[in-house]
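Note that ligands are numbered from 1 as they come in the structure, with each ligand's atoms numbered from 1 the same way.
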Amino acid sequence: MIKGSAIYPGSFDPPTNGHLDLIQRGSKIFEELVVAILRNSEKSPTFSVAERLEMLRTLTADMKNVRIDMFDGLMVEYAKSIDATCILRGIRAISDYEYELQMALMNRKLEPTLETVFMMPADKYSYVSSRLVREVAQAGGPVKGLVPEVVEEKLREKMDPAYKLRDARMIDAPARSEKKRKKKS
Ligand code: PNS
């Protein structure tokens with residue numbers, strides 16, 4: 001167990017099973033893990049910061065050394081303000097590496113005392129990202145297994161019209177293919 005606090009920063013819009021997997025792994029190696037949500041990362045996020053805070057707090061309620069917070073501005077400044085010594089980031093695939101390397105080196109330039117630590121989530125989450133989850137949900141598609149159940153419910157509430165439209169299309173589908181079949185014959 002590494003003494004002191006580590007910060008796991010991100011947008012978490014929404015939190016995915018990959019994020020949760022990394023939080024679980026991180027909480028096992030750091031004395032304290034602060035999951036820090038960036039405010040204003042996107043002009044029109046799907047979930048407000050308050051909603052993301054609430055979801056992450058619910059998801060980590062049984063992890064005693066995990067705290068959820070939010071921050072503005074430079075991440076390294078926030079990390080310093082809470083005396084964190086490490087930044088935790090996840091790498092899912094080689095495609096993440098370039099961006100993560102750039103970010104880690106920029107953060108080191110800004111604050112040389114902060115060390116970035118990379119961890120890999122379980123391989124079953126290697127393709128899961130908040131962006132793709134949002135895209136699937138916005139089209140009314142299934143996100144089961146990609147996000148925790150509480151997030152799945154919130155996405156369903158948010159994207160209700162998209163899910164209703166998809167359900168209606170599914171109900172209509174047999175009638176439409178019957179119509180097509182008759183037209184052909
Ligand atoms: O979930 P994301 O989008 O991968 O998280 C990116 C995040 C929030 C970690 C990064 O954009 C960030 O730290 N932003 C805060 C502003 C900052 O410090 N920028 C310099 C980082 S190189």
*asked:* List ligand 1 atoms under 4.0 Å from M75, heavy atoms only on the residue side.
replied: 13 (O), 17 (C), 18 (O)
*Compare L110, L74, L105 and give the one whose heavy atom is closest to atom 19 (N) of ligand 1.*
L74
*Evaluate whether atom CE of M119 has more than 12 neighbouring non-hydrogen atoms of other residues, nucleotides or ligands under 6.0 angstrom away.*
yes
*Just let me know how N107 lines up against ligand 1, side chain, backbone, both or neither, with a heavy-atom cut-off below 4.0 Å.*
side chain
*Above 12 or not: heavy atoms from other molecules or residues under 6.0 Å from CE of M120?*
no
*Salt bridge E152-R156, side-chain N to carboxylate O under 4.0 Å*: no
*Hey, looking at atom 5 (O) of ligand 1, which of E100, R89, K109, M103 has the closest heavy atom?*
R89
*What pair of heavy atoms forms the shortest contact from P9 to R89, and how long is it?*
O-NH1, 2.9 Å
*With only distance considered, is P9 within less than 3.5 Å of ligand 1 through an N or O on each side?*
no
*Determine the sole option in Q24, R25, H19 for which the side chain to side chain donor-acceptor pair (under 3.5 Å) test with D21 is passed.*
R25
*Looking only at heavy atoms, is any part of M106 under 4.0 Å from ligand 1, and if so is it the side chain, the backbone, or both, or is it neither?*
side chain
*Over all heavy atoms of both residues, which pair between S130 and D13 is shortest? Give the atoms and the distance, please.*
CB-O, 3.5 Å
_ligand 1 atoms in contact with G73 (distance to a heavy atom under 4.0 Å)_ = 15 (C), 16 (C)
